[in-house]
Amino acid sequence: MKQLEQILQQTLKNPSLFQDEEFTQSQEFAEIISNIKITLPNGKIDCHYCTNILFMLRRFLKPDFETNIRTILLKSDLIADIIFINGYINFKMRPKFFAQMTHEILDNDIFPNTGIDASGNKTKVNVEYCSINPTGFLHIGHARNAILGDSIARILSKANYDVTKEYYVNDAGNQITLLAQSVQARCLEAHNMPFEFPEGGYVGPEIKELAKLTKPENTLEEIKQISVDYFLSEIKKDLNDLKIFHDVWTHEKDIIKSNFIEKAIEILKAKGYIYYGKREEKKAEKGKIENKDLMLLKTTVFQDDEDRPLTKSDGEWTYLAPDIGYHLNKIERGFGYLICVLGADHDSYARRIKIATKLLKEDIQHATPIVQMVSFEHEGQHVKFSKRAGNSIRTRDFIKEIHPDIVRYMMLAKTPGTPFVFDYESACTVSMKNPVFYIQYAHARGNSIFRNTTVTQKLHEKAFAFTMPEFQEIIIILSSFKNTLNEAALQLAPHIIAHYSQRLAESMHKLWQIGKTDSTKRIIIDGNEEETQSRLAITKAFLNVLATCLETLGINAPESMN
RNA sequence: GCGCUCUUAGCUCAGUGGAAGAGCGACGGCCUUCUAAGCCGCAGGUCGCAGGUUCAAAUCCUGCAGGGCGCGCCA
């Protein structure tokens, strides 16, 4: 594809194509020509690649430009034909082009593991995701965040970023105190001792279970530790079952102990972003709390509605302060790119922490992909998963019934910004309602070929396969993998890989099927070793790319379907 | 009231300036041959509505309507 782009650029630099022969020297020409986009055509047009570049250049070209461009382009030994339709240039490529492309995929070391010269350039990136409070189990709503973050991290690693996957443990706030008080109460209750259940405390059977791990003589601090450890280890188990493994677990407690809050405040003070003042009366908890002077952060310099308090009237930090300390900690660890995957109910928080981070370090790259809510369909209505409604489903129970591969694919195939309506019936079906099987099946089919032959892959440029549309289609899709991966990395969008995988799988299924009625199109051609070797080379390239895709999605690439 | 986001085929969704798409569902075909968990065909669209910018708008801008999520000194 890159080669085609270069050929086209070279061709268009020919001054004789233009009314004004000086035009190729102009800035405007340079800009247009640097934005050449080669794309795959829709199914209706019989060609391999196309480009819309002429739309931009048309008014500068001589009337007979089509004939001239065609003549020049056809001099290339990679291009078989040029067709002009509706202002597009459509390319038909020669077999040599397909052979070269296959060679590149197999030998260039870009597949399947490393060295893709993607946008990453070894940038140190921190992907923080699924940082749920250790006050309960991982439910299915959290799983979407976790799966998305994990896949983003996998894509970025493939795209040549230096990735750290991180979980931030909120183990220092009021929620943890409330949790520990709830557990303590249940513990005392179980020992028939007097107890007082905290207002708004944590209820649910897991609290009573947890209480069994504690003793009446434990201090609140000890109970906090026991509770956090318990839930974290449970969360970790569930994540591991979904093939999610964080590299670093950072605890809020440690951030506080290491004085990162104070350090961050000092930096912000030095930059003049901190001042003391009162908030507007109506904002001050509607008069419930005395409107004292608070430490405020000038988030309004980056279009926030109002400056945000860092201290409460009782002198304690607000939630924002430790989080800013945590982000300073990330910055000090040398990350140039911070990614923080958040739920839709945190989008206003996302804005604030982004501003705060920018105030700490102007040139930091910071993205906060937002995952929309997960709901499910019940009697024709969309019902939200919610703890309070008692219909929250623990991930562990969920994946007992539905394989993690299916759960992952279902959640990754959509853009994160679309609310997810979980279709339980489809999830349990083994058919195209579950495209993950379709993709895995294509991988298994490709592998079965290698079990059925002793011939090994080797590329012969003259192979007949390179003239055959079914093989050409596979190679064309393979050739766009690099761009696809880069795009997914740039947009932090695993669904781009999911859709690509489906299309790639389709090209193999088509080839396979046609081999059933036309034996010349099978991969293994008895009595013709060179042809078979070349076809195996294409199949191998296909398997490498598809396995890479499945790896970035965190989905198993099976060698056979059982 | 304000902010973010969404509205594309019967359903679930891709598509961020360039030729309207996929899967499911419906209908009709295809296995004595490398895995039929598959393939082929057919049907299905005023891209929420109205303006604007552009050679070109589902895509960008403005307004409107409808859905979702937020809008504490809680985290």
Side-chain angles (χ1 to χ4, degrees), chain A residues 37 39 41-45 50-56 58-59 85-88 90 133 135 170 172-176 178 200 252 279 283-286 288-292 294-296 303-305 308-320 322-323 343-351 370 372-373 375 377 382 384 410 413-415 417-421 423 426 429-438 440-442 444-453 491 495-496 498-499 502-503 505-506 508-517 519 522-524 526 539 560-561:
Chain A
K37 267 190 268 176
T39 53
N42 64 32
K44 289 171 202 153
I45 289 141
C50 52
T51 180
N52 61 8
I53 189 71
L54 293 185
F55 285 106
M56 276 79 91
R58 197 159 33 189
R59 60 203 166 104
I85 306 171
N86 298 340
Y88 288 81
N90 300 284
N133 289 354
T135 54
N170 287 103
N174 287 341
Q175 292 306 314
I176 298 298
L178 191 60
E252 183 182 5
R279 309 187 71 207
K283 300 275 183 186
E285 191 75 357
K286 291 172 187 162
K288 276 186 206 164
I289 294 173
E290 192 192 342
N291 198 1
K292 287 187 189 169
L294 302 171
M295 184 193 283
L296 296 166
Q303 284 89 43
D304 201 0
D305 303 330
R308 303 289 165 174
L310 295 172
T311 54
K312 306 185 207 169
S313 49
D314 63 3
E316 295 289 312
W317 296 114
T318 64
Y319 71 95
L320 201 52
D323 282 356
D345 51 344
H346 282 74
D347 63 340
S348 60
Y349 164 79
R351 188 191 169 98
I370 300 290
Q372 283 295 331
M373 296 291 157
S375 59
E377 200 156 326
H382 292 178
K384 269 191 288 182
M410 285 179 79
K414 286 191 187 191
T415 51
T418 318
F420 187 93
V421 182
D423 182 348
S426 298
T429 316
V430 179
S431 76
M432 262 309 273
K433 283 183 180 173
N434 266 320
V436 64
F437 290 120
Y438 182 81
Q440 291 180 319
Y441 186 30
R445 278 182 149 178
N447 268 289
S448 82
I449 291 291
F450 288 90
R451 282 196 298 272
N452 284 308
T453 181
Q491 293 187 33
H495 77 275
I496 293 177
H499 288 283
Q502 216 170 319
R503 178 142 189 226
E506 185 188 17
M508 174 54 74
H509 284 308
K510 275 187 191 170
L511 171 72
W512 194 280
Q513 199 63 39
I514 208 155
K516 288 183 178 294
T517 49
S519 62
R522 292 161 72 90
I523 295 168
I524 299 166
D526 290 331
T539 308
S560 67
M561 306 291 280

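Lettering follows sequence order; numbering is per chain, from 1.
Not a single ring pair (Phe, Tyr, Trp, His ring centres under 6.0 Å) links A:Phe420 to another residue, sequence neighbours left out. A:His346 meets the side-chain contact (heavy atoms from CB on, under 4.5 Å) test with A:Leu342, A:Tyr349; sequence neighbours excluded. Applying the salt bridge (Lys or Arg N to Asp or Glu O under 4.0 Å) test to A:Lys510 and every residue at least two apart in sequence or in another chain returns A:Glu473. Considering only residues two or more places apart in sequence or on other chains, A:Tyr88 meets the ring pair (Phe, Tyr, Trp, His ring centres under 6.0 Å) condition with A:Phe55. Residues passing the salt bridge (Lys or Arg N to Asp or Glu O under 4.0 Å) test with A:Arg308, sequence neighbours excluded: A:Asp304, A:Glu306. Applying the side-chain hydrogen bond (donor to acceptor under 3.5 Å, both in side chains) criterion to A:Asn174, with sequence neighbours excluded, gives no partner residue. For A:Glu252, the side-chain contact (heavy atoms from CB on, under 4.5 Å) criterion is met by A:Tyr168, A:Asn170, A:Asp171, A:Ala172, A:Ile256, A:Pro322, not counting sequence neighbours.
As rounded to the nearest Å, B:A37 and B:C47 have P atoms that lie 39 Å from one another. Across B:C42 and B:C64, the matching C1' atoms stand 40 Å from one another, rounded to whole Å.
Side-chain N/O atoms of A:His509 include none lying less than 4.0 angstrom from OP1 or OP2 on B:C40. Considering only side-chain N and O atoms, A:Asn174 lies under 4.0 angstrom from the phosphate OP1 or OP2 of B:A75. Residue A:Lys414 places none of its side-chain N or O atoms closer than 4.0 Å to OP1 or OP2 of B:G23. Not one side-chain nitrogen or oxygen of A:Trp317 sits closer than 4.0 Å to the OP1 or OP2 atom of B:A75. Considering only side-chain N and O atoms, A:Thr418 lies under 4.0 angstrom from the phosphate OP1 or OP2 of B:A14. Contact between the side-chain N/O atoms of A:Tyr438 and the OP1/OP2 oxygens of B:A22 is not found at any separation under 4.0 Å. Checking the phosphate oxygens (OP1, OP2) of B:C24, no side-chain nitrogen or oxygen of A:Asn434 falls inside 4.0 Å.
A residue-by-residue look at A:Ile514 and A:Arg351 shows that A:Arg351 has its nearest nucleotide of RNA chain B further toward the 5' end. Between A:Ile449 and A:Gly417, it is A:Gly417 whose nearest contact on RNA chain B lies nearer the 5' terminus.
When heavy atoms are screened at a 4.0 angstrom cut-off, A:Ser448 is found touching base atoms of the nucleic acid. Residue A:Asp347 is in base contact, counting any heavy-atom pair closer than 4.0 Å across all strands shown. Using a 4.0 Å heavy-atom criterion, one finds that A:Arg522 contacts the bases of the nucleic acid, with or without backbone contacts as well. Across all strands, A:Thr415 comes closer than 4.0 Å only to sugar-phosphate atoms, never to a base (heavy-atom distances). In this structure, A:Thr39 reaches neither bases nor backbone, as no heavy-atom distance under 4.0 Å exists between it and the strands shown.
In terms of modelled atom types and a separation under 3.5 Å, the side chain of A:Thr453 and the main chain of A:Phe450 share no donor-acceptor contact.
Closest contact between the side chain of A:Glu506 and the listed nucleotides B:C39, B:A75, B:U35 involves B:C39. Across B:A22, B:C34, B:G38, the shortest atom-to-atom separation from the side chain of A:Ile524 is found for B:C34. Closest to the side chain of A:Gln175, out of B:A75, B:A36, B:A22, is B:A75. For A:His495, whose side chain is taken as the heavy atoms from C-beta onward, the closest listed nucleotide among B:C34, B:A14, B:C71 is B:A14. Nearest nucleotide to the A:Trp512 side chain, out of B:C73, B:G38, B:U35: B:U35. The side chain of A:Leu294 has B:C73 as its nearest neighbour among B:G68, B:C73, B:C13.
We find that NZ of A:Lys312 is positioned 15 Å from P of B:G72, with the value rounded to whole Å. At whole-Å resolution of the value, CZ in A:Phe437 and P in B:C24 are 15 Å apart. Rounded to whole Å, the distance from CZ on A:Arg451 to P on B:U35 is 8 Å. Rounded to whole Å, the distance from OH on A:Tyr319 to P on B:C74 is 8 Å. Distance CG (A:Leu511) to P (B:A36): 13 Å, rounded to an integer number of Å. In this structure, CG of A:Asp305 is placed 12 Å from P of B:C2, rounded to the nearest angstrom. Distance, A:Tyr349 OH to B:U5 C1': 20 Å, rounded to whole Å. Here the P atom of nucleotide B:C69 and the CG atom of A:Asp345 are 10 Å apart, to the nearest Å.
Going from atom CG of A:Leu310 over to atom OG1 of A:Thr318 covers 5.5 Å, rounded to the nearest 0.5 Å.
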Practice task
Starting at the 5' end of RNA chain B, write a dot or bracket for each base, bracketing those in Watson-Crick or G-U wobble pairs whose two distances are under 3.5 Å and using | for partners on another strand.
Solution key: ((((((((.[[[[.)..(..]]]]..((((.......))))......[[[[[..)....]]]]])))))))....

Which atoms of nucleotides 18-21 of chain B (N or O only) lie under 3.5 Å from a protein N or O atom, and what are those distances?
from	atom 1	to	atom 2	distance (Å)
B:G18	O3'	A:Tyr88	OH	2.8
B:G18	O2'	A:Tyr88	OH	2.1
B:G18	N7	A:Asn52	ND2	3.3
B:A19	O5'	A:Tyr88	OH	2.9
B:A19	O2'	A:Asn42	ND2	3.0
B:A19	N6	A:Asn90	OD1	2.5
B:G21	OP1	A:Lys44	NZ	2.9
B:G21	OP2	A:Lys44	NZ	3.3

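Counting heavy atoms from C-beta outward, A:Leu178 and A:Thr135 have side chains that stay 4.5 Å or more apart. Within the 4.5 Å cutoff, no side-chain heavy atoms of A:Trp317 are placed close to those of A:Asp323. Looking at heavy atoms from C-beta onward, A:Gln303 lies in side-chain contact with A:Arg351 at the 4.5 angstrom threshold.
Counting atom types as modelled, A:Ser313 pairs a side-chain N or O with a base atom of B:C73 as donor and acceptor under 3.5 Å. Donor-acceptor pairing under 3.5 Å, judged by distance alone, is absent between the side chain of A:Tyr441 and the base of B:A37.
Against the 90° criterion about 0, the sugar-base torsion of B:C42 places it in the anti range.
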